[in-house]
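Computation of the quantities below employed the complete heavy-atom set of this structure, encompassing side-chain atoms and omitting hydrogens, waters and symmetry-equivalent molecules. All chains are named by letter (A, B, ...) in the order of the sequence lines, taking the proteins before the strands, and each is independently numbered beginning at 1.
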Amino acid sequence: MNTPQSHAAFSNAPDADLQSSFVLPAWTYTDPEIYGREKREIFYRTWHYAGHRSQLAEPGSYVTAVIADEEVVVVRGREGVLRGFFNVCQHRAHPLLKGAGQTKLIVCPYHFWTYDLDGSLRGVKKGSGMSCFDKGSAQLTPVAVEEFCGLVFVNLDADAQGLAEQVPGLEKDIRRLIPRYDEQVPMQEMAMFDGDLKAGWKVTIDNILECNHCTNAQPGSGGSDQHGELPERHLRDLVAPVRAGDQD
Amino acid sequence: MPQPETSPDRLGDRDLRALPSKYYVSEGVFQREKELLFFRTWQYACHSSEVENPGDYVATDILGQNVFVVRDQDGEIRAFRNVCPHRSHKLVEGRGHTTVLVCPYHQWSFSLDGGLRRLRKTPDSQAPAAGRVCLTPVRCDRMLGFVFINLDDDAASIAETWPGVEAHILETCPEVMSYKLAEGASAVPPADVDCNWRIQVDNYLECQHCRHGHENFADMLDICNQNYTLGANHAYYFFLSAGKADNKAYPLDPEHDVMDLHFWFLFPNIGFGQFSGPGNLSLFQWLPVHTGSGIRVNASLEPAEPTDPGMKVRQALRTKWGEEVLQPEDLAFMRSVQVGMHQHTFDQGWYIVDRESQEFSEAMIRHFHQLYQARMAAPEPSAN
Ligand code: FES
Ligand code: FES
Ligand SMILES: [Fe+2]
Ligand SMILES: [Fe+2]
């Protein structure tokens with residue numbers, strides 16, 4: 001593998017001319033500095049799936065999600081508004097909620113600082129000789145939340161363009177192509193493609209963006225009755241050897 | 001004991017902001033801590049009974065700087081860099097006894113006071129004169145029978161660094177001088193703690209999390225009765241015992257045991273504590289390994305003779321409780337805080353300061369952070 005001479009070389013790697021273009025250089029799949037930039041420029045500024053509408057139906061229901069090194073929580077407020085926050089206590093940085101569930105207030109397990117579902121600090125344990133501070137200056141930091149086709153997305157960039165706006169027409173297409181879409185609910189069993197793929201995220205996406213490899217590598221496709229397991233194994237078999245370092 | 005009062009009357013928002021999170025995650029900060037803190041402060045090396053006789057030695061290190069402590073022929077405890085002046089091989093490993101220090105590489109030998117005794121050569125070899133070569137001494141001092149070393153040759157003595165603390169510990173726990181190093185203590189390896197060393201110290205310096213975070217511990221204490229004082233370079237806090245022989249933590253024998261709890265923090269990374277139960281004094285040393293991981297060294301003293309036939313059993317139950325209950329509870333909190341410190345949105349937390357109640361106060365953490373920042377003063381480290 002060639003290591004980068006300079007990151008400038010990277011900017012003109014995929015050629016505009018399709019006839020003579022190369023794929024992204026290998027080092028962009030393994031370089032830790034690239035991964036750092038990907039986090040800042042891509043993952044922390046784009047929309048990520050956090051949960052399904054049905055998990056957030058009632059006031060006080062919440063889900064948590066991890067985006068690279070960041071953790072967020074999405075919670076439905078008492079008045080029904082869906083909000084998202086960085087899942088970290090303003091006191092001394094302990095994470096707040098775990099997994100998914102239902103709560104009246106957001107209570108930090110370390111010293112019991114308590115936040116309202118709108119992210120404002122409600123209570124701090126204290127004694128009588130306490131120095132007070134303005135509670136308004138210690139509220140949870142919001143993230144953007146958007147429900148799209150019944151799926152709840154978050155974006156760490158509070159000023160990001162809305163998801164529906166970024167993909168005009170997609171919602172219509174989904175509803176047209178997937179009959180009775182709104183009646184569908186999340187699978188109860190393990191999801192089909194869950195788990196550690198042992199491959200960088202770009203390798204995985206490259207793989208799903210082409211089906212050049214489908215006829216050779218997926219002998220049982222279509223005819224098999226192990227339908228749930230097969231695509232996942234297929235994906236893993238294909239991407240693991242092209243292993244792109246530990247980007248995930 | 002001198003007790004300069006830092007009196008936090010009404011603190012403004014600015015004074016209540018905790019140390020910024022970059023100090024808990026940055027590689028650059030870690031490098032500066034080595035140079036400015038750990039290589040310039042008193043660090044625990046061993047207990048004096050581990051080098052009881054002339055020729056006994058213990059090898060140790062401070063963040064990779066190798067040192068050994070040895071008792072010389074005159075009975076004096078000395079410390080040296082554990083590196084041969086010939087071509088830098090390590091001189092001694094682990095602990096042991098010797099009359100002469102012989103380097104394993106080319107067999108240069110040194111006496112216990114660090115002077116070169118012999119180097120292998122022929123009469124015609126050109127080699128440095130014996131008087132020109134010796135081991136590099138390291139500052140060495142003692143407190144309560146514990147041996148400390150300091151890589152800074154110009155450092156103030158322990159008595160000047162932590163004035164009055166030794167006397168205060170002896171006054172509070174008068175039995176300590178008759179205690180010995182607990183059986184098997186030398187063989188206990190340090191505990192790995194996967195968070196920044198200051199998260200360990202911060203956690204040691206507040207008991208706001210105790211009532212709900214250590215329910216059984218809280219049952220043993222009279223939890224409302226705790227308080228603290230801040231010293232120039234240390235802090236002290238205590239909890240009164242609830243006096244319950246049967247409690248949710250471990251059994252006590254009020255007739256033979258010490259009941260109240262006393263803790264000292266000696267800046268930057270040493271703790272002394274007396275827990276309820278059979279007589280004891282524990283030394284803690286919190287050290288970084290990297291920015292997000294560290295170790296906890298623990299050396300405990302115990303009565304030289306059992307105070308009563310049940311003492312060993314009560315001691316064992318207390319140890320088991322520490323290992324299986326208290327430490328895992330704290331570890332879970334501390335690991336989570338480390339994760340939180342990496343979140344980009346978390347820049348800086350808050351101190352809760354309460355002059356009347358240690359239970360609600362983080363004044364000691366604030367004091368620790370202020371001493372820390374003064375020591376680290378110089379341009380702000382950049383986020384990493
Ligand atoms: S870290 Fe959340 S209450 Fe202290
Ligand atoms: S390095 Fe010690 S004798 Fe050569
Ligand atoms: Fe050799
Ligand atoms: Fe604790």
Side-chain angles (χ1 to χ4, degrees), chain A residues 32-33 36 39-40 43-45 64-73 84-98 107-114 119 121 123-144 154-158, chain B residues 7-21 24-25 195-196 199 202-203 206-213 224 226-227 329-330 332-363 365-366 384:
Chain A
E33 196 189 317
K39 284 195 273 190
R40 288 192 301 279
F43 291 100
Y44 298 158
R45 304 175 67 173
T64 57
V66 175
I67 300 159
D69 301 332
E70 304 288 335
E71 249 184 76
V72 295
V73 55
F85 305 102
F86 284 92
N87 190 23
V88 60
C89 180
Q90 298 299 295
H91 176 221
R92 290 222 327 267
H94 199 286
L96 292 164
L97 292 167
K98 268 197 181 147
V107 182
C108 176
Y110 201 0
H111 314 95
F112 280 22
W113 277 31
T114 305
L121 181 62
V124 169
K125 258 194 2 171
K126 57 184 178 187
S128 48
M130 247 288 286
S131 277
C132 293
F133 62 93
D134 175 14
K135 279 198 217 143
S137 43
Q139 32 187 294
L140 299 183
T141 314
V143 301
V154 290
N155 193 321
L156 303 192
D157 177 2
Chain B
S7 75
D9 257 71
R10 300 307 286 178
L11 297 172
D13 263 16
R14 218 173 144 258
D15 303 308
L16 292 172
R17 293 318 302 262
L19 198 60
S21 59
Y24 293 82
V25 300
C195 66
N196 183 280
I199 293 177
D202 292 351
N203 184 72
E206 54 90 359
C207 213
Q208 270 199 61
H209 67 273
C210 293
R211 206 185 272 258
H212 57 272
C224 301
Q226 42 175 311
N227 220 327
E329 285 171 347
D330 275 328
F333 285 133
M334 297 188 297
R335 280 185 178 140
S336 288
V337 168
Q338 182 68 45
V339 170
M341 288 291 178
H342 285 276
Q343 310 292 303
H344 290 146
T345 177
F346 186 87
D347 294 330
Q348 195 169 16
W350 297 86
Y351 306 118
I352 299 302
V353 174
D354 189 324
R355 276 184 301 156
E356 283 151 35
S357 167
Q358 145 69 5
E359 182 177 0
F360 297 103
S361 196
E362 290 167 336
I365 297 181
R366 186 167 176 271
N384 193 334

(request) Find the one option among M341(B), R211(B), E206(B) whose heavy-atom pairs under 4.5 Å with chain A are most numerous. (result) E206(B)

(message) If we ignore hydrogens and angles and just use 3.5 Å, is the side chain of E71(A) paired with the main-chain N or O of I67(A) as donor and acceptor?
(response) no

(message) Just so I understand: if I count every heavy-atom pair under 4.5 Å between each of L96(A), L156(A), T141(A), V143(A) and chain B, which residue has the most?
(response) T141(A)

(request) Measure I199(B) against the heavy atoms of chain A and call it side chain, backbone, both or neither at under 4.5 Å. (result) neither

(request) Rounded to the nearest 0.5 Å, what's the gap from CG on N203(B) to CE on M334(B)? Could you check? (result) 5.0 Å

(message) Quick check on the interface: out of Q348(B), H342(B), H212(B), who has the most heavy-atom pairs with chain A under 4.5 Å?
(response) H212(B)

(request) Apply disulfide (SG to SG under 2.5 Å) to C210(B) and list each qualifying residue two or more places apart in sequence or on a separate chain. (result) C207(B)

(message) Under a 4.0 Å threshold between the charged nitrogen and the carboxylate oxygen, would R92(A) count as salt-bridged to E362(B)?
(response) yes

